[in-house]
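Scroll down for the structure; my scribbles are underneath it.
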Amino acid sequence: MAEALSKSGSNRSSVRAVCLAVSGVNHPTDQQRILDWLRYSPRMSYLISYIQSSSLPYGNVLLLSLLSFKSPAVGNSTLVHNLNSTDSVVNETEGIDVRNEIRSESGRDAAVDYAEYADSENSLEKDGKSGQGLSDENSGEKSYSSSNVSSGKTGFVAQPLASPPVSGIINLKTDQSANPQISPLGKEAAETPQKAGDLVPLLNNLVNSTRSTTMIVDAFAKKKRLVPTTPISEMNRMLVQSRASSRAMRPRLSSIRDQELLHVKSQIENAPIVKSDRELYAPLYRNISMFKRSYELMETTFKVYIYSEGDKPVFHQPKLKGIYASEGWFMKLIEGSKQFVVTDPTKAHMFYLPFSALMLRSTLNVNSQKHKNLADVLKNYVNLIAGKYRFWNRTGGADHFLVACHDWAPQETIRYMGTCIRALCNANVARGFNLGKDVSSPVTMVRFADDPLRSLGGKPPSKRPFLTFFAGSMHGYVRPFLLQYWENKDPDMKIFGPLPSSEKLNYIQYMKRSKYCICARGYEVHTPRVVEAIFHECVPVIISDNYVPPFFNVLNWEAFSVFILEKDIPNLKKILLSIPKKKYLELQKRVKKVQKHFLWHKNPLKYDVFHMTLHSIWYNRVFQINAR
C-alpha cells in the first residue's frame with residue numbers, strides 16, 4: 001500500500017488500489033461499487049473529510065491523488081465552495097471514471113463501453129417515474145436559426161456554425177455568482193476557510209492541474225487539428241465517385257460466375273421504377289428501385305463458399321453476446337444458411353473468411369503494441385487458402401469478404417486482407433475505410449443471446465419528455481467535451497457520464513423517453529448507441545466525424561437521423577430545437593420503419609440485419625466487377 005501511495009500522484013491504477021484499500025473491500029463487485037461511488041463529488045468530499053480527520057499513513061498524498069481526478073475549472077475559493085455541491089462540481093469537472101478500462105489502439109479498447117447499461121436484467125424496461133430535472137438551465141441563448149440546418153425532402157444535417165474557437169472557451173476566473181446553489185457545508189467552508197485545514201493549499205495547487213477543463217478543451221482542439229473532417233455530404237459524393245471507377249482487380253480468367261454478376265449489374269442499373277412498396281418506405285433508401293431489384297437478385301442468385309480451414313476459437317466460433325456480437329451472429333447465420341451457402345467453390349460468387357476479430361484479440365491476449373502478431377495470424381491463413389485453392393489468386397482476394405466488429409479489425413486486416421470486401425463496424429473514412437468497396441456493419445449490443453429483441457420499442461412521441469439523452473464512460477476526446485458543455489446544464493438535456501445510480505430511470509428507459517439520442521463516438525468512430533437509438537425508436541444524433549454509418553451504400557441516413565459535427569457540440573441544443581416538430585415526427589416515424597434492418601433473429605427474416613449485411617457485401621461486389 002505504501003508503494004501504491006508513493007505512486008499515486010501520477011499513476012491512476014495506484015490511486016484505485018489505494019481507494020479500494022481504504023474502503024476495505026476485495027470482491028470485484030464491491031470494488032466496482034466503491035469506484036462508482038467515488039465518482040460523485042459529495043461522496044468524494046466525505047472521503048476527503050475522513051482522510052483529513054484520520055491518521056492514515058501518507059494521508060496527504062492520498063488526498064492529493066483523489067483530488068487530482070476532480071480538477072476544477074474555476075478559481076480556488078469557488079472550488080472550496082463547491083466541494084459539497086453536486087450540481088456545481090460534477091458539471092465543472094470530469095470526475096473519477098474508472099469503468100471499462102480495457103485498452104484499445106491508443107492503449108484502450110471500447111470492449112465494455114457499457115457501464116451505463118444497468119448491471120443485471122433488472123436494467124431493462126420497468127415502470128417508473130420520470131427523473132427529476134436538473135437545475136442549472138442555460139439562459140440568455142438566442143434561438144438557433146433554421147438557416148443553419150440543411151433540410152431537404154429527406155432529413156437534417158447540421159451545417160458548420162460560426163462558433164467561438166474551441167480553445168480558450170472556458171473562463172478560469174473565480175466567479176461565485178456562477179454557482180448560486182451552494183450546500184450549507186460548502187458555505188461553511190467558504191466563510192471559515194481555516195476549517196479546511198490542509199485542504200486549502202492542496203486545492204490551490206490543483207487549479208491548473210492536467211485534468212482541468214482547459215485540458216479537455218485543448219485536447220479536443222488538438223485532435224481536430226490533426227484529423228481531417230469528412231462530412232456526410234462529402235461521403236455521399238465519394239460513394240458516387242467510387243461507383244464510376246471500380247478499384248477491384250479484374251479476374252485473370254473470366255468465369256461463369258463473373259458473367260452472372262455482370263448480368264446482375266445490368267439488371268440493377270436498369271431496374272423498373274418503384275414509387276411505393278408494401279414492404280419498403282422509399283425515403284429511407286438512396287434508390288429504392290435499385291435496392292429492391294438488387295435484393296431480389298441476391299435472394300435468387302447469390303452463392304457463398306465458406307472455407308472450412310481454421311481452428312477454433314479464432315475461426316468458426318461465433319460469440320453472440322456483447323458489444324461485438326454482430327460478427328458472431330453473422331458467422332452463425334451464414335454458416336447455417338442453406339439458401340446462400342454452397343459446398344462446391346466453383347459455384348460460388350464470393351468466399352467468406354470465417355474468423356472473429358474479437359476471438360483473435362482475446363485468444364492471443366496481446367496489447368496495443370502487438371497488432372502485428374494478430375495480422376500475422378491472418379497472413380498465415382491467407383497463405384493457407386491461397387496455396388490450397390485457386391480462387392484467392394484469381395482475383396487477388398477481391399471476391400472474398402470478412403465481417404469483423406472489433407475496434408482493431410481495420411488495422412489487423414488492412415495489410416493482408418485489404419483487397420477483400422471488409423464489413424467493419426469501425427468504419428472510419430479517414431483511416432482506411434474504402435467507400436464503395438468496404439461495408440459499414442452495425443454495432444449491435446446484444447445482452448441476451450436467447451432473445452436479442454428483448455426490450456424492443458419505445459414510447460410514442462407524445463410521451464417523450466426529454467429533448468435528448470446521453471450516458472456513457474468518458475472514452476475518447478468527444479465525450480468529455482460534450483459533458484463540459486451539457487452535463488447538468490439543462491433539464492431538457494439529460495447528458496451524463498456513467499449513469500448515476502441515483503437516477504430514477506435507467507439507461508434503456510431514458511432512451512425510450514427521449515426525442516433524440518446522442519450517439520457520440522468513444523475511442524473509435526463507431527458506437528452501439530446508433531442501433532440502440534433505432535432499437536428504442538429514438539432519433540439518432542450522430543456526433544462522430546468521419547464515421548460511415550451502417551449500410552451506407554443503400555440507406556439514406558439523413559432521412560431518419562441528425563448529423564452534427566464534433567466542433568458544433570456547444571450549439572447542440574440550438575440545432576435540435578431548430579428542427580420543427582413536424583420534421584421531428586417524420587424523422588421518428590422513419591426510425592420506426594428502418595428499425596427492421598437492424599434486428600437479429602435466430603431464424604433470419606427478410607430485410608433484417610443479417611440479410612442487409614449480406615446484401616451490402618453482394619451489392620458492392622456487383623458494382624466492382626468489370627468485363628475483361
Side-chain angles (χ1 to χ4, degrees), residues 152-154 232-251 253-304 339-340 347-351 394-401 419-423 427 429 433-441 548-559 594 597 606-607 611-628:
K153 291 187 292 182
T154 54
I232 192 75
S233 58
E234 176 63 13
M235 291 184 200
N236 290 330
R237 188 195 66 79
M238 292 167 65
L239 180 63
V240 172
Q241 187 178 26
S242 73
R243 292 280 181 259
S245 57
S246 171
R247 303 180 184 86
M249 174 181 171
R250 294 185 180 182
L253 295 173
S254 182
S255 70
I256 296 175
R257 307 306 157 216
D258 298 330
Q259 295 302 317
E260 288 176 349
L261 291 182
L262 285 170
H263 181 61
V264 163
K265 181 179 180 180
S266 175
Q267 290 187 69
I268 296 172
E269 289 175 331
N270 297 283
I273 300 300
V274 176
K275 293 184 178 180
S276 63
D277 186 84
R278 182 173 54 85
E279 296 178 289
L280 303 173
Y281 185 58
L284 300 178
Y285 308 95
R286 293 181 176 277
N287 186 318
I288 187 175
S289 303
M290 291 179 67
F291 171 69
K292 181 178 175 63
R293 186 61 180 139
S294 175
Y295 192 96
E296 291 170 348
L297 290 168
M298 178 193 74
E299 288 185 308
T300 58
T301 307
F302 192 30
K303 299 302 176 186
V304 175
Q339 178 181 2
F340 297 107
K347 295 181 179 179
H349 300 96
M350 295 196 73
F351 302 82
R394 191 180 75 89
T395 63
D399 56 357
H400 288 57
F401 71 94
T419 56
C420 301
I421 292 179
R422 301 180 302 160
V429 75
F433 184 87
N434 192 335
L435 276 167
K437 179 182 78 68
D438 295 332
V439 169
S440 179
S441 184
V548 182
F551 314 136
F552 187 69
N553 54 356
V554 294
L555 291 182
N556 175 20
W557 275 82
E558 295 163 75
V594 83
H597 294 322
K606 189 174 183 179
Y607 297 124
H611 285 102
M612 288 296 288
T613 302
L614 194 63
H615 174 268
S616 286
I617 293 165
W618 149 267
Y619 193 83
N620 279 6
R621 177 57 184 156
V622 166
F623 279 91
Q624 275 191 322
I625 195 165
N626 293 300
R628 289 189 62 81

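As the structure is a computational prediction, the values presented were derived from the model and not from experiment. Heavy atoms only: backbone and side chains are in, while hydrogens, waters and symmetry mates are out.
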message: Which heavy atom of S289 sits nearest to which heavy atom of P272, and what is that distance?
response: CB-O, 3.4 Å

- request: Quick one: list whatever passes side-chain contact (heavy atoms from CB on, under 4.5 Å) with N620, sequence neighbours left out.
  value: R243, I421, V439, N553

query: Are S242 and F623 close enough that some pair of their side-chain heavy atoms sits under 4.5 Å apart?
result: no

query: Just how far is it from atom CG of L261 to atom CD1 of I268, taken to the nearest 0.5 Å?
result: 9.0 Å

- request: Indicate the atoms forming the closest heavy-atom contact of Y295 with Y607, along with that distance.
  value: OH-N, 2.8 Å

query: Can you tell me if K303 uses its side chain to pair, donor with acceptor, with the backbone of Q339 under 3.5 Å?
result: yes

message: Checking the side chain of W557 only, and the main-chain atoms of V548 only, is there a donor and an acceptor separated by less than 3.5 Å?
response: no

message: Side chains of H611 and H597, heavy atoms from C-beta outward: is any pair under 4.5 Å?
response: no

Ring centers of H349, F401 separated by less than 6.0 Å: no

Pairwise side-chain contact, V594 with Y281, heavy-atom cut-off 4.5 Å (strictly under): no

- prompt: Ring centroid separation for Y619 and H615, is it under 6.0 angstrom?
  reply: yes

- line: When rounded to the nearest 0.5 Å, the distance separating OG of S440 from CG of L555 is 10.0 Å

query: Does any non-hydrogen side-chain atom of L284 lie less than 4.5 Å from one of N556?
result: no

- request: Applying side chain to side chain donor-acceptor pair (under 3.5 Å), name anything that partners D277, two or more places apart in sequence or on another chain.
  value: K292

message: Would V240 and R237 count as a side chain to side chain contact (heavy atoms under 4.5 Å, CB included) here? Give the steps.
response: CA-CA 5 Å; V240 172; R237 188 195 66 79; 5.9 Å; no

task: Give a yes or no on whether the backbone of L297 and the side-chain of T300 come within a donor-acceptor separation of less than 3.5 Å.
output: yes

message: As an exercise, state the distance from NZ of K265 to CD1 of I625, rounded to the nearest 0.5 Å.
response: 8.5 Å

Over all atoms of both residues, closest heavy-atom pair of M298 and L614: SD-C, 4.0 Å

message: Other residues, nucleotides and ligands only: do more than 12 of their heavy atoms fall within 6.0 Å of NZ on K275?
response: no

message: Contact between F291 and S294 at the side-chain level, heavy atoms closer than 4.5 Å - yes or no?
response: no

- prompt: Taking the side chain as C-beta and beyond, is there a heavy-atom pair between V304 and F351 under 4.5 Å?
  reply: no

- request: Please report the C-alpha distance between N236 and S233 in whole Å, then the side-chain angles of each, then the deciding distance to 0.1 Å, and finally whether the side chain to side chain donor-acceptor pair (under 3.5 Å) criterion is met.
  value: CA-CA 5 Å; N236 290 330; S233 58; over 6 Å; no

- request: Could you please spell out the steps behind the side chain to side chain donor-acceptor pair (under 3.5 Å) verdict for Q267 and H263?
  value: CA-CA 6 Å; Q267 290 187 69; H263 181 61; 3.0 Å; yes

statement: When rounded to the nearest 0.5 Å, the distance separating CZ of R621 from SG of C420 is 10.5 Å

message: As an exercise, state the distance from CD1 of I273 to CZ of R293, rounded to the nearest 0.5 Å.
response: 13.0 Å

task: Measure from NZ or CZ of R422 to the centre of the six-membered ring of F433 and say whether it is under 6.0 Å with the direction within 45° of the ring axis.
output: no

- prompt: How about R286 and V554: do any of their side-chain heavy atoms sit closer than 4.5 Å?
  reply: no

message: Please evaluate residues R257 and D399 with respect to the criterion salt bridge (Lys or Arg N to Asp or Glu O under 4.0 Å), reporting the C-alpha separation (whole Å), side-chain torsions for both, the decisive distance (0.1 Å), and the verdict.
response: CA-CA 11 Å; R257 307 306 157 216; D399 56 357; over 6 Å; no

- request: Compare all side-chain heavy atoms of I232 with those of P549 and state whether any distance is below 4.5 angstrom.
  value: yes

